[in-house]
Number of protein chains: 2
Amino acid sequence: MNDWNRDNSIAQFIRQRRKELRLTQVKLSDTTGVGLRFVRELEQGKPNLMTNKINQVLLFFGHELSTKPISDSTGRNMGK
Amino acid sequence: MNDWNRDNSIAQFIRQRRKELRLTQVKLSDTTGVGLRFVRELEQGKPNLMTNKINQVLLFFGHELSTKPISDSTGRNMGK
DNA sequence: TCATATTATACCTTTTTGGGTATAATATAT
DNA sequence: ATATATTATACCCAAAAAGGTATAATATGA
């Protein structure tokens with residue numbers, strides 16, 4: 001078992017969309033052009049990934065990396 | 001000159017927020033703990049960056065990496 | 001159950017990032 | 001204009017990602 005973040009929202013998004021389209025990891029790897037290992041690390045929430053590779057996959061789903069505010073449990077915005 | 005994407009939205013976000021707080025790249029580098037070189041590559045829109053490093057900077061601004069739909073000029077959603 | 005498909009883990013290699021530093025270019029202020 | 005501060009570019013090095021492949025584990029279906 002690795003110590004990656006399974007409920008990483010990006011990871012979840014990818015896996016969910018992939019399953020909705022009934023694609024295997026292999027298929028997604030082929031069609032997006034990233035390695036199979038990368039698809040797995042991505043879906044399993046490996047913390048350190050290359051943004052261009054992620055975007056390469058997200059593009060297939062019509063998405064891209066962006067930023068969003070972090071809110072705590074009360075909905076308050078954090079940070080400077 | 002490099003061929004990076006200057007109007008990368010994440011890059012723009014970082015630089016804009018940094019300037020609003022009147023911080024130098026050096027200051028931001030120090031306070032976030034990432035290297036100065038990284039801050040520069042980030043703001044200049046280098047496409048291949050490690051997500052954890054970006055998040056390390058975004059956290060300071062109360063943000064984090066996420067995904068968003070790509071829309072064309074008409075506002076239509078793209079992709080599968 | 002049993003065979004197959006899909007996903008997960010482990011090992012090795014190549015490639016590239018990120019850090020640091022030094023230097024050059026640009027912006028800012030007096 | 002000129003001194004200073006800030007940002008940009010170029011170099012090398014260590015550390016780590018991504019790819020490939022092989023094997024194990026798990027899920028799926030007949």
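Throughout, a chain's letter reflects where its sequence line sits, starting with A, and its residues are numbered from 1.
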Here the residues of residues 22-30 of chain B within 4.0 Å heavy-atom distance, strictly under, of DNA chain D are B:Thr24, B:Gln25
Sorted by chain and residue number, the side chain to side chain contact (heavy atoms under 4.5 Å, CB included) partners of B:Gln56 (sequence neighbours excluded) come out as B:Val34, B:Lys53
Rounded to whole Å, the CE-P distance (B:Met50 to C:dT17) equals 10 Å
Heavy-atom contacts, protein to nucleotides 10-15 of chain C, under 4.0 Å, summarised as B (base), S (sugar-phosphate only) or - (none) per nt, yield BB----
In short, salt bridge (Lys or Arg N to Asp or Glu O under 4.0 Å) pairs touching residues 27-42 of chain B with sequence neighbours left out are B:Arg37-B:Glu41, B:Glu41-B:Lys46
Closest non-hydrogen atoms of B:Ala11 and B:Leu42, given as atom of the first, atom of the second and distance, are CB-O, 3.2 Å
Side chain proximity check, A:Ile14 to A:Phe60, heavy atoms < 4.5 angstrom
no
Taken to the nearest whole Å, CZ/B:Phe38 to P/C:dG18 is 5 Å
Worksheet item: If two hydrophobic side chains count as joined below 4.5 Å and joins carry through other members, does B:Met50 share a cluster with B:Ile10?
Response: no
With a 4.0 Å limit, can you tell me whether B:Asn48 has a side-chain N or O closer than that to the phosphate oxygens OP1/OP2 of C:dT16? no
- Describe the nucleic acid contact of B:Gln44 in one word from base, sugar-phosphate, nothing, applying a heavy-atom distance below 4.0 Å. sugar-phosphate
Scanning both residues in full, the closest heavy-atom pair of A:Gly45 with A:Trp4 reads O-CB, 3.4 Å
**Asked** Between B:Phe13 and B:His63, what is the ring plane arrangement, given parallel below 30°, perpendicular above 60°, and tilted in between?
**Response** tilted
note: B:Arg40, atom CZ; C:dT26, atom P; distance rounded to Å ~ 15 Å
Scanning both residues in full, the closest heavy-atom pair of B:Leu58 with B:Glu64 reads CD1-C, 3.7 Å
**OP:** Classify the nucleic acid contact of A:Leu49 as base, sugar-phosphate or nothing, counting any heavy atom under 4.0 Å across all strands shown.
**Re:** sugar-phosphate
Between its two end axes (five pairs each) the helix from C:dT1-D:dA30 to C:dT30-D:dA1 turns, nearest 10 degrees, through 70°
Worksheet item: Can you tell if the side chain of A:Gln44 reaches within under 4.5 Å of the side chain of A:Asn2, non-hydrogen atoms only?
Response: yes
Query raised in the report: B:Leu59 versus B:Val57: any side-chain heavy-atom pair under 4.5 Å?
Result: no
Exactly one of A:Arg6, A:Lys19, A:Arg18 clears salt bridge (Lys or Arg N to Asp or Glu O under 4.0 Å) with A:Glu43, and that residue is A:Arg18
- Query: Is there a path of hydrophobic side-chain contacts, each under 4.5 Å between heavy atoms of I, L, V, M, F, W or Y residues, that connects A:Val26 with A:Phe61?
  - Reply: no
Nearest heavy-atom contact between B:Thr32 and B:Leu28 is OG1-O, 2.7 Å
Min and max contacting nt of DNA chain D in 5' to 3' order, chain B heavy atoms within under 4.0 angstrom, are D:dT6 to D:dA17
